[in-house]
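Side chains included, hydrogens not; waters and symmetry mates left out as well; all remaining heavy atoms used. Order of the sequence lines fixes the chain letters, A, B, ..., with proteins taken first and strands second; residue numbering starts at 1 for each chain. Just so we're clear, the structure is a prediction, and the values are computed from it rather than from any experiment.
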Protein chains: 2
Amino acid sequence: MPDEFLLDEQACFALYAASRAVTDAYRPLLGELGLTYPQYLVLLVLWESDARPVKEIGEALHLDYGTLSPLLKRLEANGLVTRARLPEDERTVVVSLTEEGRSTRTRAAGVPSAIGCALGLDDATRRDLIATLRRLTASATAYTHGGPDAQP
Amino acid sequence: MPDEFLLDEQACFALYAASRAVTDAYRPLLGELGLTYPQYLVLLVLWESDARPVKEIGEALHLDYGTLSPLLKRLEANGLVTRARLPEDERTVVVSLTEEGRSTRTRAAGVPSAIGCALGLDDATRRDLIATLRRLTASATAYTHGGPDAQP
DNA sequence: TTCCGATACCTTGCGCACGATGTAATCGTG
DNA sequence: CACGATTACATCGTGCGCAAGGTATCGGAA
């Protein structure tokens with residue numbers, strides 16, 4: 001009997017282990033920039049489109065306020081972003097890059113290629129992996145929220 | 001010009017997001033057993049082969065003592081495992097399942113199939129994913145430790 | 001206009017993860 | 001045997017990541 005504890009579990013553990021291994025690869029590179037991987041992700045979001053409310057950053061990264069609020073406070077304390085309430089809606093906090101935040105993009109220019117080297121995947125495999133992971137994420141998310149039944 | 005911050009980064013973020021989505025899927029299932037996902041992983045290791053030193057558990061899960069020591073203390077506090085020094089080598093702590101730890105395997109019998117459903121991957125895709133993730137983990141680990149040069 | 005609910009965010013508490021440091025036991029070498 | 005190095009763990013500090021609870025603001029209906 002093929003142990004049922006050793007089939008899909010392997011996929012989940014492989015995912016868990018790979019995610020941490022990749023984060024480990026980022027660590028020394030980002031460490032020189034004074035960044036963690038989640039902080040780097042926030043900067044990626046802002047480099048693509050500056051001055052965004054916390055809500056949008058959270059949606060882009062699938063992170064909630066409990067994670068983002070203190071993280072953004074640290075980015076602010078490190079002088080990379082500013083946070084300001086919207087005058088027309090005082091509930092909303094808009095996060096914007098400082099000059100140092102923008103220039104960090106240049107300092108991080110070598111990171112993607114270094115990581116690409118670390119992953120060691122050819123183009124086709126990587127595209128395939130991304131597609132599979134996105135389907136998996138969508139499927140797992142649909143299962144968790146909404147459950148097998150579902151309902152907004 | 002295809003933004004270099006949007007290529008390999010996508011693979012890494014997809015990995016990061018997928019890993020958390022899968023953990024989210026486990027959470028309600030394991031929550032009923034009073035377990036977290038890392039705790040469940042430790043039990044998987046012990047269900048396969050009981051009475052193992054902390055070192056072996058760490059190697060199996062790629063986790064260090066800083067993570068495992070408090071985690072195992074919690075499992076012990078919850079009555080699922082015991083920890084005992086080896087008489088022939090007082091440095092080594094052997095982790096063993098209690099009766100409750102063993103019986104939890106039965107209570108968790110439905111978890112793998114539920115997760116398999118949540119992932120929504122066919123057999124071929126899943127095998128392919130596991131293989132890709134393992135190569136990726138090995139490559140990233142080799143890059144991080146040992147660096148591009150390498151040296152034991 | 002006055003509520004009432006929704007929205008956007010913050011805070012707290014807990015459990016990972018990891019680097020750094022500490023400690024006791026064991027091993028290896030002279 | 002002595003003693004320095006290694007091994008196996010434990011602990012501490014920091015930073016996620018998430019659930020739960022709190023606050024202030026906004027929008028809409030009575």
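- Comment: A/E90 does not engage A/R85 in a salt bridge, judged by the lack of any side-chain N to carboxylate O separation of less than 4.0 angstrom.
- Between A/N78 atom CG and D/dT14 atom C1' the separation is 13 Å, expressed in whole Å.
- Atom pair A/Y16:OH and C/dC18:C1' shows a separation of 11 Å (rounding to whole Å applied).
- Closest to the side chain of B/L71, out of D/dG17, C/dC16, C/dT26, is C/dC16.
- Taking 4.0 Å as the cut-off between side-chain N and carboxylate O, A/D123 and A/R127 count as a salt-bridged pair.
- Nucleotide C/dC16 holds its C1' atom 14 Å from the CG atom of B/L30, rounded to whole Å.
- Going from atom CG of B/L75 over to atom P of C/dG15 covers 11 Å, rounded to whole Å.
- In this structure, B/Y37 places its OH atom 13 Å from P of C/dC16, rounding to the nearest Å.
- Atom OH of A/Y26 and atom P of C/dC18 are 16 Å apart (whole Å).
- B/Y26 and B/Y37 have tilted rings, their planes meeting at an angle from 30° to 60° on a 0 to 90° scale.
- The nucleotide whose nearest atom lies closest to any side-chain atom of A/R27 is, among C/dG19, C/dC16, D/dG15, C/dG19.
- Here A/T36 does not reach the OP1 or OP2 of D/dG15: none of its side-chain N or O atoms lies under 4.0 Å away.
- Note: CD (B/Q39) to P (C/dC14) measures 14 Å, nearest angstrom.
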Its contact letters, B for base, S for sugar-phosphate only and - for none at protein heavy atoms under 4.0 Å, make nucleotides 2-13 of chain C read -----BSBBB--
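- Open room surrounds CD on B/E32; 12 or fewer heavy atoms of other groups in view lie less than 6.0 Å from it.
- Taking the six-membered ring for Trp and thresholds of 30 and 60 degrees, B/W47 and B/Y40 have ring planes more than 60 degrees apart, a perpendicular arrangement.
- Taking the charged nitrogens against the carboxylate oxygens, B/K73 and B/E76 have no contact shorter than 4.0 Å, which rules out a salt bridge.
- Spacing between atom CG of A/L86 and atom C1' of D/dT25 amounts to 12 Å, rounded to whole angstrom units.
- By the 4.0 Å N-to-carboxylate-O rule, A/R20 lies too far from A/D24 to be salt-bridged with it.
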